[in-house]
Amino acid sequence: MTQNLFTIFNIPVILGMPLAVLIIMFPSMLILPPNNTINNRFSSIQQWLIQLTLKQMMMIHSTTGRTWSLMLLTLITFISLNNLLGLTPYAFTPTTQLSMNIGMAIPLWMATVLMGLRLKTKTSLAHFLPQGTPTLLIPMLIIIETISLFIQPVALAVRLTANITAGHLLMHLLGTASLTLLSIYLSSSLVTIIVIILLITLELGVALIQAYVFTLLVSLYLHNNS
């Protein structure tokens with residue numbers, strides 16, 4: 001049972017070759033440049049969403065931080081598309097893999113930290129030792145602040161992985177239960193199917209919210225270091 005439960009998170013393989021790279025690249029192929037010189041309704045809604053997202057994330061940033069606008073917009077679009085495509089039947093969700101999420105979190109976190117050390121060296125180093133700290137607590141506070149700094153990308157990746165994985169596991173369990181109840185109690189299976197439909201609706205929101213939370217936290221790290 002445990003093996004069947006977690007096989008949905010295995011990376012698809014064809015002829016011994018993993019398809020993870022192709023699956024990760026697939027969402028970017030869905031975004032095509034507009035061919036019309038006049039905007040239609042879809043492109044107008046798309047531009048409105050882009051402006052709304054950038055306004056929410058960039059309003060607190062300085063001029064230096066706003067140079068990351070394209071990066072953050074690409075990040076939230078990439079994660080959102082991967083999460084949404086993972087809700088389709090028989091689809092593999094790359095964001096359930098902790099290795100991929102850490103691979104996204106560590107470079108972005110490291111870039112913000114290095115930017116802070118380059119632009120605001122004294123302020124960045126001052127976070128390790130708050131003003132007015134007693135002398136006896138200085139070594140302990142430096143160790144604690146250093147650990148909390150290095151935990152940031154891990155927490156960023158684990159949060160995304162755990163939320164997406166939990167939703168997929170719950171849908172898988174309820175789907176298995178509804179198929180079992182279908183041959184025993186029809187009324188109970190109908191209730192389970194209704195719960196699954198509501199859960200899918202909830203997971204659509206979770207997929208978008210988690211992409212926004214991941215990007216927003218990267219934006220906050222950038223704000224603290226720019």
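Quick caveat, the model's predicted, so the values are computed rather than measured. We use all heavy atoms of the structure for the numbers below, so side chains are in, but hydrogens, waters and symmetry mates are not.
Checked by atom type and distance alone, the side chain of Thr67 never pairs as donor or acceptor with a backbone atom of Thr63 at under 3.5 Å. Side-chain atoms of Ser69 come within 3.5 Å of backbone atoms of Arg66 as a donor-acceptor pair (strictly under, hydrogens ignored).
Using a 4.5 Å heavy-atom cutoff, the side chains of Asn83 and Leu160 are in contact. Ile79 is not listed as a side-chain neighbour of Gln210, based on a closest heavy-atom distance of 4.5 Å or more. Between Met104 and Leu156, the closest side-chain pair of non-hydrogen atoms is not below 4.5 Å.
The structure places CG of Leu54 at 9.0 Å from CG of Leu70, a figure rounded to the nearest 0.5 Å. In this structure, Thr64 OG1 and Asn225 CG are separated by 12.0 Å, a value rounded to the nearest 0.5 Å. Going from atom CG of Asn163 over to atom OG1 of Thr95 covers 10.5 Å, rounded to the nearest 0.5 Å.
Through side-chain heavy atoms spaced under 4.5 Å, either directly or across other Ile, Leu, Val, Met, Phe, Trp or Tyr residues, Leu198 is tied to Ile194. Through direct or indirect side-chain contacts shorter than 4.5 Å among Ile, Leu, Val, Met, Phe, Trp and Tyr, Ile147 is connected to Ile143, Ile151.
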Name every donor-acceptor pair, under 3.5 Å, that has one atom in a side chain of residues 217-224 and the other anywhere in the protein, sequence neighbours excluded.
| unit_1 | atom_1 | unit_2 | atom_2 | d |
| --- | --- | --- | --- | --- |
| Ser219 | OG | Met57 | O | 3.3 |
| Ser219 | OG | His61 | NE2 | 2.6 |
| His223 | ND1 | Ile60 | O | 3.1 |
| Asn224 | ND2 | Leu220 | O | 3.2 |

Table please: side-chain donor-acceptor pairs of residues 112-120 below 3.5 Å, with sequence neighbours left out.
| unit_1 | atom_1 | unit_2 | atom_2 | d |
| --- | --- | --- | --- | --- |
| Thr112 | OG1 | Trp109 | O | 2.6 |
| Lys120 | NZ | Ser226 | O | 3.1 |

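Every residue two or more places apart in sequence or in another chain that forms a side-chain contact (heavy atoms from CB on, under 4.5 Å) with Glu203 is listed here: Leu87, Met171, Leu199, Val206. Listed by chain and residue number, nothing satisfies the side chain to side chain donor-acceptor pair (under 3.5 Å) test with Ser80 (two or more places apart in sequence, or in another chain).
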